[in-house]
Amino acid sequence: MLDNIRIVLVETSHTGNIGSAARAMKTMGLSQLYLVSPVVKPDSQSIALAAGANDIVKQAVITSSLEEAIADCPLVIGTSARSRNLEWPYLDSRECGQKIVQEAVKAPVALVFGRERVGLTNEELQKCHYHVGISANPDYSSLNLAMSVQIFTYEIRMAMLQAQNKPLSLQVGHTDESLYPATIDMERFYQHLEQTLLQTHFINPNHPGQIMGRLRRLFNRSRVEQQELNILRGILTSIHKKIK
């Protein structure tokens, strides 16, 4: 299950943070590190600060975009303060750990961390099903990247241990019918939806993002299942055929 959990770092600017994050991951049993367009690729400083977790650094997957890093993940959680634009489904760090463990049993999940200084952009946050934050001291809530990774990976491990101690009858079961679609399938749906709404003149072609952002929030909050997504795509296709 832990192999299904990936830690995604977006445009990391300090290579030492990559090594420190890898060390935080390994202490909690995680190993899947993804680096999205790091400013500098892992180097000797990364290895030094990994302090024995250099295998995670060396095996890190480097991608050119966030979309590539999370394409096959049905669940994506972005670390952030409260949403700066639209209110998004929000978890605290403990709820985040529990949610990740629950869904990582059956499919890959991603926990995304933003840039050291500015975090994730609004566009990147809208690609996440949930936002998550740390309930730190409001008078001094400054945490560096590795500290944040350590807190979340600790919560994941505690949730995993708690789940292991539950009787099987109390553990949530999943069937193929309730599987959630991968992120790349949801992105195709959003593109299909936007094209259809443009054709019906429901949205302004000069400002499609205003409506589409709210629709993303709607469908991310509802967590449509794969069969439900197939129905929605079929509806859009039928509308397209009727217009054509």
Asks: Any salt bridge linking Glu95 with Lys99? Criterion: basic side-chain nitrogen under 4.0 Å from a carboxylate oxygen.
Replies: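 Between Lys99 and Glu95 there is no salt bridge, as every charged N stays at least 4.0 Å from the carboxylate O atoms.
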
Asks: Walk me through it: do Met1 and Ile5 pass the test side-chain contact (heavy atoms from CB on, under 4.5 Å)?
Replies: CA-CA 7 Å; Met1 183 270 292; Ile5 302 172; 3.8 Å; yes

Asks: Under 4.5 Å between side-chain heavy atoms, hopping through other hydrophobics if needed: is there a path connecting Tyr190 to Leu198?
Replies: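 The answer is yes; both residues are in one hydrophobic cluster.
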
Asks: If Ile, Leu, Val, Met, Phe, Trp and Tyr residues are connected whenever their side-chain heavy atoms lie under 4.5 Å apart, and connections chain through other members, are Leu218 and Ile77 in the same group?
Replies: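 No, no single cluster joins them.
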
Asks: List the steps, then state whether side chain to side chain donor-acceptor pair (under 3.5 Å) holds for Thr12 with Asn17.
Replies: CA-CA 8 Å; Thr12 311; Asn17 285 334; over 6 Å; no

Asks: Determine whether Leu125 and Trp88 satisfy the following criterion, side-chain contact (heavy atoms from CB on, under 4.5 Å), listing intermediate values before the conclusion.
Replies: CA-CA 9 Å; Leu125 286 169; Trp88 218 259; over 6 Å; no

Asks: Taking all atoms of both residues into account, what is the closest heavy-atom pair of Val132 and Cys96, and its distance?
Replies: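 Where Val132 meets Cys96 most closely, the heavy atoms are CG2-CB, 3.5 Å.
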
Asks: Is a donor from one side chain sitting under 3.5 angstrom from an acceptor on the other, for Asn230 and Gln226?
Replies: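 Looking only at side-chain atoms, Gln226 and Asn230 do form a donor-acceptor pair, the distance falling under 3.5 Å.
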
Asks: Please assess Glu187 against Arg216 for the test salt bridge (charged side-chain N to carboxylate O under 4.0 Å, His left out), listing each intermediate value before the final yes or no.
Replies: CA-CA 10 Å; Glu187 287 301 319; Arg216 276 179 176 269; 2.8 Å; yes

Asks: When clusters are formed by joining ILVMFWY residues with side-chain heavy atoms under 4.5 Å apart, either directly or through shared neighbours, do Val57 and Leu49 land in the same one?
Replies: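 Per the 4.5 Å side-chain linkage, Val57 and Leu49 are not co-clustered.
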
Asks: Under 4.0 Å between a side-chain nitrogen and a carboxylate oxygen: does that hold for Asp185 and Arg188?
Replies: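 Salt bridge flag = yes for Arg188 with Asp185.
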
Asks: Determine, step by step, whether Lys26 and Ser31 satisfy the side-chain contact (heavy atoms from CB on, under 4.5 Å) criterion, reporting the C-alpha distance in whole Å, the side-chain angles of both residues, the deciding distance to 0.1 Å, and the verdict.
Replies: CA-CA 6 Å; Lys26 192 164 187 175; Ser31 60; over 6 Å; no

Asks: When you group the ILVMFWY residues by side-chain heavy-atom contacts below 4.5 Å and let the links chain together, are Tyr180 and Leu193 in the same group?
Replies: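 Different hydrophobic clusters.
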
Asks: Looking only at heavy atoms, which two atoms of Ala24 and Thr153 are closest? And how far apart?
Replies: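 So the minimum-distance heavy-atom pair works out to O-OG1, 3.6 Å.
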
Asks: Given the rule that I, L, V, M, F, W and Y join up when any side-chain heavy atoms are under 4.5 Å apart, are Met212 and Val76 in one cluster?
Replies: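 The answer is no; the residues belong to distinct hydrophobic clusters.
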
Asks: Among Val149, Val61, Ile62, Ile56, find the one that has a side-chain contact (heavy atoms from CB on, under 4.5 Å) with Leu33.
Replies: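 Only one of Val149, Val61, Ile62, Ile56 forms a side-chain contact (heavy atoms from CB on, under 4.5 Å) with Leu33, namely Ile56.
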
Asks: Between His240 and Gln199, does a side chain to side chain donor-acceptor pair (under 3.5 Å) hold up when you go through it step by step?
Replies: CA-CA 8 Å; His240 176 75; Gln199 288 177 325; 3.1 Å; yes

Asks: Apply side-chain contact (heavy atoms from CB on, under 4.5 Å) to residues Leu232 and Val224 and explain how you reach the verdict.
Replies: CA-CA 10 Å; Leu232 290 170; Val224 296; 4.3 Å; yes

Asks: Can you see whether Glu116 engages Asn144 through a side-chain donor-acceptor pair at a distance of less than 3.5 angstrom?
Replies: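 Short answer, no.
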
Asks: Got a salt bridge between Glu228 and Arg233, using NZ or NE/NH1/NH2 to carboxylate O under 4.0 Å?
Replies: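 Result for this pair is no, no salt bridge flagged.
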
Asks: With a 6.0 Å cut-off (strictly less than), is the heavy-atom count around CZ of Arg221, excluding the residue itself, greater than 12?
Replies: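 Atom CZ in Arg221 is crowded, with more than 12 foreign heavy atoms closer than 6.0 Å.
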
Asks: If every non-hydrogen atom of Val39 is compared with every non-hydrogen atom of Glu11, which pair is closest and at what distance?
Replies: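 Shortest heavy-atom separation between Val39 and Glu11 comes out as CG2-O, 4.0 Å.
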
